[in-house]
Amino acid sequence: MALNTLDFNSKLSGELDKVLIQKAETSFLADNAMRAKFVGTRNVLIPDLDMQGLGDYDRDDGFNKGSITVDQKSYTLTMDRGRSFQLDREDEDETGVANLAGQILSEFVRTKVAPEMDAYVLSKLATTAITNTHTVTDSSPSTKIYSLFLKALNGAQDAAGYTEDFVCFVDPTVWGYMMSTTEITRQINVSNFKKGGMDFQVKSINGTPIIPVAANRMKTAFTFYDGKTASDGASSNPTPDQRPGGFAPASGANNIGLLVLPKKAAMLVKKSERMRTFEPNTNQSADAYLFQYRLYYDLFVRNSYKDTIFVYKY
């Protein structure tokens, strides 16, 4: 079956990007990266603004001078991830290779790419909070989860200001505590939440969206496998099943129970999310369609927001 690969790649890349926006709980942070400017292949400049407060006005000398500092800090992207897949020419069904490839790759983004991106982003946000000693604790979180939530939210609001929009990520354990606490359930509303120009319905408390996240994405540290080395480190010539790639909790990692931050606190910068397709006649290694997916990204916390992220870990 002949494919217009240029048109197919363009359409499929657009669909996979939509899947990533929909299925990654942290994808809204990419909306903050609109003003990021790439310099070179790996570096991005992110502006951070600083200025002085008011001074006295003097009727003779007029205004006291201040200054505006725009700190164009350079950050280096580190997450350059990809995979290739082959679909044998004989595996085409009556729907054609385009539909079959779309289904396979959409499932790949939904089940592999989105969870890994969330895991990386959430662990980096939690590490920022821990590094700055912005952790909240309670001896009885199951019965005092509302108090724990308020500690984190109030800390973030005090640091960032009460006019900011905040978001709260919770793992299944904390979400269960919340749903069994009438102090919280009677305050829950459903509100709109925007990601990548798309609107989603989420539950919120006092205007703060509460986003439940799967437990395997809510850890303070992860190991991200290279996809070519055996995950157990034992085999010198691993089979594909022994080098599954992806990610796993790092040794000694804590669970992230609750994470609160301003929506503007960090930027998810994606330099490329690319899909390449080769037909069997151009694939030199097999009589099969070859699909190559690459995602090059990173998360950067703004300097002026580093003290605004609060976490409860256990």
Side-chain angles (χ1 to χ4, degrees), residues 1-27 30 41-42 77-121 195-196 214 216-217 222-249 268-299:
M1 177 181 177
L3 271 179
N4 181 338
T5 54
L6 186 63
D7 184 54
F8 175 69
N9 286 343
S10 177
K11 289 181 179 179
L12 184 56
S13 294
E15 290 302 313
L16 295 181
D17 185 56
K18 288 181 182 178
V19 174
L20 188 59
I21 290 170
Q22 292 170 346
K23 300 304 179 183
E25 305 296 355
T26 58
S27 61
T41 57
R42 289 180 171 270
L77 277 70
T78 61
M79 296 299 284
D80 197 355
R81 308 283 282 170
R83 268 296 193 188
S84 66
F85 299 95
Q86 290 195 143
L87 181 63
D88 192 274
R89 190 197 294 264
E90 302 304 322
D91 286 337
E92 294 179 39
D93 64 7
E94 66 275 4
T95 62
V97 69
N99 286 337
L100 186 56
Q103 293 170 17
I104 292 170
L105 292 166
S106 292
E107 187 70 0
F108 171 66
V109 171
R110 184 183 73 83
T111 62
K112 303 298 182 182
V113 179
E116 178 177 309
M117 191 172 80
D118 278 343
Y120 177 75
V121 169
K195 293 194 295 182
N216 67 341
R217 311 183 197 187
F222 289 92
T223 297
F224 296 93
Y225 297 118
D226 61 13
K228 60 184 179 181
T229 306
S231 57
D232 60 6
S235 177
S236 59
N237 187 25
T239 66
D241 287 341
Q242 292 174 318
R243 45 181 173 83
F247 66 102
L268 179 58
V269 179
K270 291 192 294 180
K271 184 170 185 182
S272 65
E273 184 185 4
R274 189 169 299 147
M275 185 74 233
R276 299 201 311 171
T277 305
F278 300 90
E279 292 186 291
N281 292 337
T282 57
N283 182 1
Q284 299 297 307
S285 61
D287 185 24
Y289 292 91
L290 176 64
F291 303 100
Q292 296 175 332
Y293 176 89
R294 183 183 181 189
L295 180 62
Y296 188 21
Y297 73 100
D298 213 320
L299 178 95

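Note that these values count all heavy atoms, side chains included, but never hydrogens, waters or copies made by symmetry. All values reported here derive from a predicted model rather than from experimental measurement.
With sequence neighbours excluded, the residues satisfying side-chain contact (heavy atoms from CB on, under 4.5 Å) with Thr78 are Tyr120, Asp298. Every side-chain contact (heavy atoms from CB on, under 4.5 Å) that Asp226 has, sequence neighbours left out, goes to Lys228, Thr229. With sequence neighbours left out, Lys112 forms a side-chain contact (heavy atoms from CB on, under 4.5 Å) with Phe108. Here Asp118 pairs with Thr26, Arg217 under the side-chain hydrogen bond (donor to acceptor under 3.5 Å, both in side chains) rule; sequence neighbours left out. Listed by chain and number, the residues in a side-chain contact (heavy atoms from CB on, under 4.5 Å) with Asn283 are Gln86, Ser285, Ala286, Ala288, Leu290 (sequence neighbours excluded). Partners of Arg274 according to the side-chain hydrogen bond (donor to acceptor under 3.5 Å, both in side chains) rule, which considers only residues two or more places apart in sequence or in another chain, do not exist here.
The residues Glu116 and Arg81 are annotated as salt-bridged, a charged nitrogen and a carboxylate oxygen being separated by less than 4.0 angstrom. With respect to Lys271 and Asp80, no salt bridge is recorded, no charged nitrogen being found less than 4.0 Å from a carboxylate O.
Once rounded to the nearest 0.5 Å, the distance linking CG of Leu20 with NZ of Lys195 reads 9.0 Å. Note: Tyr289 OH to Glu279 CD = 5.5 Å, rounded to the nearest 0.5 Å. Note that OG1 of Thr277 is 7.5 Å distant from CG of Leu105, once rounded to the nearest 0.5 Å. The distance from the CG atom of Leu268 to the NZ atom of Lys270 is 7.0 Å, given to the nearest 0.5 Å.
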Using the side chain to side chain contact (heavy atoms under 4.5 Å, CB included) rule, take Tyr297 and Val269 through it: C-alpha gap first, then chi angles, then the decisive distance, then the call.
CA-CA 5 Å; Tyr297 73 100; Val269 179; over 6 Å; no

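Residues Val19 and Val109 come closest through the heavy atom pair CG1-CG1, 3.8 Å. Shortest non-hydrogen contact noted between Ser27 and Ala24 is OG-O, 3.1 Å.
Panel note: side chain Ser106, backbone Gln103; no donor-acceptor pair is recorded below 3.5 Å. For Thr282 (side chain) and Phe278 (main-chain N/O), no donor-acceptor pair under 3.5 Å exists by modelled atom type. Checking side-chain atoms of Ser84 against main-chain N and O of Gln292 turns up no donor-acceptor pair under 3.5 Å.
Two rings, from Phe247 and Phe222, have their centers less than 6.0 Å apart.
Of the N and O atoms on the side chains of Glu273 and Tyr293, at least one donor lies less than 3.5 Å from an acceptor on the other residue.
Counting heavy atoms from C-beta on, the side chains of Phe291 and Arg83 never come closer than 4.5 Å. The shortest distance between side-chain heavy atoms of Met117 and Leu299 does not fall below 4.5 Å.
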